[in-house]
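Counting convention: from 1, in listed order, for ligands and their atoms alike.
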Amino acid sequence: MSLEKFDVVVAGTGAVGMSTALWAQKSGLKVAICDPQPAGSGASYGVACTISTYACVPINSPTIFKSLPALLFSKNSPLSFDFLFGLKNMGWMLSFLSNCRRSKVEHITQSLGELLAHTDEGLDPLIAECGAEDLFVQNGCLYVWSTKAGYDAAQAGNDMRLKLGIEFEVLEPHEILELEPSLKMPMYRGVLFKGARHTVDPQAYVTRMYDRFIELGGVAISSTINEVLPNTDAVTVQLDHNRTLHSDHVVVAAGAHSKSIQGSGAETLPLGVELGYHVAFKDHAEKVSRPVGWAEAGLYATPTAHGLRIAGTVEINSITAPSNTARLDYLRERAKQMFGELDGDQDIWRGCRPTMPDSLPVIGHSRGSDRIFNAFGHQHIGLTLSGITGRILTDLIQNKEPVANLSAFSDKRFKK
Ligand SMILES: Cc1cc2nc3c(=O)[nH]c(=O)nc-3n(C[C@H](O)[C@H](O)[C@H](O)COP(=O)(O)OP(=O)(O)OC[C@H]3O[C@@H](n4cnc5c(N)ncnc54)[C@H](O)[C@@H]3O)c2cc1C
């Protein structure tokens, strides 16, 4: 069965896909979204909720070669690694490590910093369009280091932030406690990103974008996109149950699953996955008044509409691996060190960050076809970059000059 023809079909209704669809729909294009799951129920659901315009420093780091043994083998490590999976994916691992060289990290940081500088231009018009102002709070974001060694290791990254014009205030332990009196973990220094925002409910935000998209006449189809077949006139989009769509353009925004869409070009790219977790303590949202990132523990504690969300850690494992209960125990133990015993109900969650080995997203024309556009690989900052990604793609589809330089984000940086 063939349905009507669209200007744009978007694969995926996470923060990135929904932002793209809403930008395109409000620009007057005829748009369909396809996803077998509800909007905002993938990686975008469980985030630490930060709009982290300061997060230009990637997890690729020249210090990784020194810190890797401790990260891999300590029970108290924010990193967990499945060795069998690592062996099977040696290409991605080696490419990740080669992107830990100082010159590469500087390039990544610079490129992410320049894109992040456009965050608000992408996000604010969408928040206004779907009436989500009540879901965002501007009260800064705090990083805390427990040790001098940890803080010193972060200096190179913080220096790069300053060079990029990202402002922050360095805090002594007593100043941290003045801001967040409930914190109990050891403290050496803190950094406050004063103007930073967070959302109290990421899924509600994506759902409001979805609802507004439908109100504006957008079409939602509950199906996987299995394959895309671009030709000179249009793209044929293969859905479940032998259904097809026709569209002038297709945007691949299926997060960590983007490689599964055959014919898009994404299936040829080294898209990896970093699993992450959260535990939400439903009765304790008031413990902090802004997101607090505990640097050595690799997590944030964020006040949300559904409680105190302890979110983070990186697990290198298969996208289909069962949830690792040790990672949830790690978050609970760290939460206890941060705040003391937290009683009451908890929600738990596991999700997949889409991550390229150089930690740069893939945004722009696909090398496979001018009709296909990439919008995935946003690693730890996909909620933050969702709005600007959608705005850029809408400009590209309409043959307009995008607001940001995209050269670092092209898929042409990877071998065919
Ligand atoms: C623990 C944790 C904390 C995080 N904290 C933050 C944070 O504080 N701030 C921040 O900016 N980012 C954060 N991130 C990163 C963020 O979650 C991701 O970068 C972002 O959600 C990616 O969005 P997305 O729309 O690309 O993917 P997703 O939200 O995963 O959406 C992809 C969608 O595609 C659909 N799909 C899959 N395959 C197909 C197909 N073949 N056809 C159609 N649809 C398909 C899926 O069902 C899903 O709905 C965090 C991640 C984790 C794991």
Inset, instruction - Give the atoms of ligand 1, by number and element, whose distance to some non-hydrogen atom of Gln379 is under 4.0 Å. - result: 15 (C), 16 (C), 18 (C), 19 (O)
Inset, instruction - Kindly confirm or rule out an N or O of Arg353 lying under 3.5 angstrom from an N or O of ligand 1. - result: no
Inset, instruction - Before accepting this row, confirm whether a basic side-chain N of the pair Asp134/Arg208 lies closer than 4.0 Å to the acidic partner's carboxylate O. - result: yes
Legend entry - Distance, nearest 0.5 Å, that separates OG of Ser182 from CE of Met338: 10.5 Å
Legend entry - Gap separating the CZ atom of Arg327 from the CG atom of Asn317, nearest 0.5 angstrom: 11.0 Å
Inset, instruction - Report yes or no: does a heavy atom of Gly312 sit under 4.0 Å from some atom of ligand 1? - result: yes
Inset, instruction - Determine, considering heavy atoms only, which of Cys34, Gly14, Ser44 sits nearest to atom 22 (C) of ligand 1. - result: Ser44
Legend entry - Closest candidate by heavy atom, reference atom 28 (P) of ligand 1, pool Ser386, Gly390, Ala43: Ala43
Legend entry - Residue-ligand contact Phe376/ligand 1, heavy atom below 4.0 Å: no
Inset, instruction - Heavy-atom contacts with Gly255 under 4.0 Å: which atoms of ligand 1 show up? List them by number with element. - result: 26 (O), 27 (O), 32 (C)
Inset, instruction - Decide whether an N or O pair under 3.5 Å exists between Ala15 and ligand 1. - result: yes
Inset, instruction - Using heavy-atom distances, let me know which of Ala254, Pro361, Gly351 sits nearest atom 32 (C) of ligand 1. - result: Ala254
Inset, instruction - Work out whether the distance between some heavy atom of His380 and some atom of ligand 1 is less than 4.0 Å. - result: yes
